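It should be emphasised that the depicted structure is a prediction, and the values quoted were computed from it without experimental measurement.
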Amino acid sequence: MRVPTDDVDRQLLVALQQNARLTTGELAQMTGLSQSPCWRRIRQMETSGLIAGYHARLNRRALGYGVVAFVSISIDFQNDACSAQFVEAVQAIPEVVMFHGVSGPSDFLLMVVAKDLDAYSELLQQKLHGLPSVKQVQTSFSLQEFKHFNDLPMPD
């Protein structure tokens, strides 16, 4: 469900994606609004769900995560109970930083961080292979990151 936006809303969204710590006064100045209307617009975008939250983007390397792996998983059974059990188990693994159900040869795609290859191997053997209904696991390691998921493009 798309939330309608105008040019000013899109300006605010772009600015907040780049720096969520901007004050309402700074955002108002950037858009040519006074502070109260600017605050109301932001509040409305939060209430509508267009702005889902404010987060700090952490440097994974500074935290000691040198490995990023994309893990494709196929499961044995495609019914609601098995899928729900699998989803719940994956969500409990902190090293899984993104998790999607996908189309194609596998059923799920996970983005996983680990300290190093040994740590990833341990995670694979002790957690991922033990997930409910796992039939096949395939891992691709990130060799170089060119663009980090951060900013969504603004639709016209």
Side-chain angles (χ1 to χ4, degrees), residues 1-22 27 30 41-156:
M1 143 183 96
R2 184 165 187 226
V3 176
T5 58
D6 63 15
D7 288 340
V8 174
D9 292 336
R10 288 188 287 277
Q11 279 183 289
L12 290 168
L13 292 169
V14 167
L16 286 170
Q17 282 190 124
Q18 292 172 355
N19 182 1
R21 298 181 72 183
L22 291 170
L27 291 164
M30 292 169 75
R41 279 178 178 258
I42 293 168
R43 187 76 176 139
Q44 176 57 39
M45 288 188 285
E46 292 169 347
T47 302
S48 71
L50 187 58
I51 296 176
Y54 299 90
H55 308 278
R57 187 176 67 206
L58 305 180
N59 181 327
R60 69 173 171 84
R61 291 184 190 280
L63 289 170
Y65 296 114
V67 171
V68 173
F70 297 94
V71 184
S72 298
I73 298 180
S74 298
I75 61 175
D76 283 329
F77 308 105
Q78 285 294 326
N79 63 45
D80 290 342
C82 289
S83 291
Q85 188 180 21
F86 177 84
V87 167
E88 186 178 329
V90 171
Q91 289 175 333
I93 302 172
E95 295 88 352
V96 176
V97 295
M98 289 181 72
F99 175 35
H100 294 264
V102 295
S103 62
S106 61
D107 300 307
F108 298 96
L109 181 64
L110 289 59
M111 182 177 169
V112 174
V113 295
K115 183 178 92 173
D116 53 29
L117 288 176
D118 290 336
Y120 177 75
S121 179
E122 185 176 321
L123 174 74
L124 178 66
Q125 297 303 319
Q126 293 183 2
K127 294 183 181 177
L128 299 179
H129 280 175
L131 289 167
S133 304
V134 167
K135 179 172 64 174
Q136 183 178 4
V137 177
Q138 183 176 354
T139 302
S140 296
F141 292 102
S142 173
L143 301 176
Q144 190 173 7
E145 183 177 301
F146 296 103
K147 186 175 182 180
H148 180 82
F149 176 81
N150 188 39
D151 298 344
L152 289 173
M154 286 300 119
D156 295 329

Find the distance between [atom1] ([X]) and [atom2] ([Y]) and round it off to the nearest 0.5 Å.
X: R41; Y: E46; atom1: CZ; atom2: CD; result: 14.0 Å
X: I42; Y: L13; atom1: CD1; atom2: CG; result: 9.0 Å
X: H148; Y: N59; atom1: NE2; atom2: CG; result: 10.0 Å
X: M154; Y: L12; atom1: CE; atom2: CG; result: 10.5 Å

Can any side-chain N or O of S83 pair as donor or acceptor with the backbone N or O of D80 at less than 3.5 Å? no

Please check this pair: side chain of T47 against backbone of R43, looking for a donor-acceptor N/O pair closer than 3.5 Å. yes

With sequence neighbours left out, the residues meeting side chain to side chain donor-acceptor pair (under 3.5 Å) with T139 are Y120

Please list all pairs passing the salt bridge (charged side-chain N to carboxylate O under 4.0 Å, His left out) test where one or both residues lie in residues 63-76, with sequence neighbours left out. none

Residues 90-107 vs salt bridge (charged side-chain N to carboxylate O under 4.0 Å, His left out), sequence neighbours excluded, gives E95-K127

As a quick check of understanding, evaluate side-chain contact (heavy atoms from CB on, under 4.5 Å) for L128 and V134, giving each step before the final call. CA-CA 8 Å; L128 299 179; V134 167; over 6 Å; no

Any idea which heavy atoms bring [X] and [Y] closest together, and the distance?
X: S74; Y: S106; value: OG-CA, 3.4 Å
X: L27; Y: A15; value: CD2-CB, 3.7 Å
X: V113; Y: R60; value: CG1-CD, 4.4 Å
X: G101; Y: F108; value: CA-CD2, 3.8 Å

Non-hydrogen side-chain atoms of [X] and [Y] separated by less than 4.5 Å:
X: P105; Y: Q138; value: no
X: V90; Y: I73; value: no
X: V68; Y: V97; value: no

Trace of the side-chain contact (heavy atoms from CB on, under 4.5 Å) decision for V3 with M45: CA-CA 8 Å; V3 176; M45 288 188 285; over 6 Å; no

Quick one: do L117 and F141 satisfy side-chain contact (heavy atoms from CB on, under 4.5 Å)? Show the steps, please. CA-CA 10 Å; L117 288 176; F141 292 102; 3.8 Å; yes

Decide if atom CZ of F99 counts as having more than 12 heavy atoms of other residues, nucleotides or ligands within a radius under 6.0 Å. yes

Look at atom CD of Q125 and say whether more than 12 heavy atoms of other residues, nucleotides or ligands are closer to it than 6.0 Å. yes

Quick one, L131 with I75, criterion side-chain contact (heavy atoms from CB on, under 4.5 Å). Give me CA distance, side-chain angles, the key distance, then yes/no. CA-CA 9 Å; L131 289 167; I75 61 175; over 6 Å; no

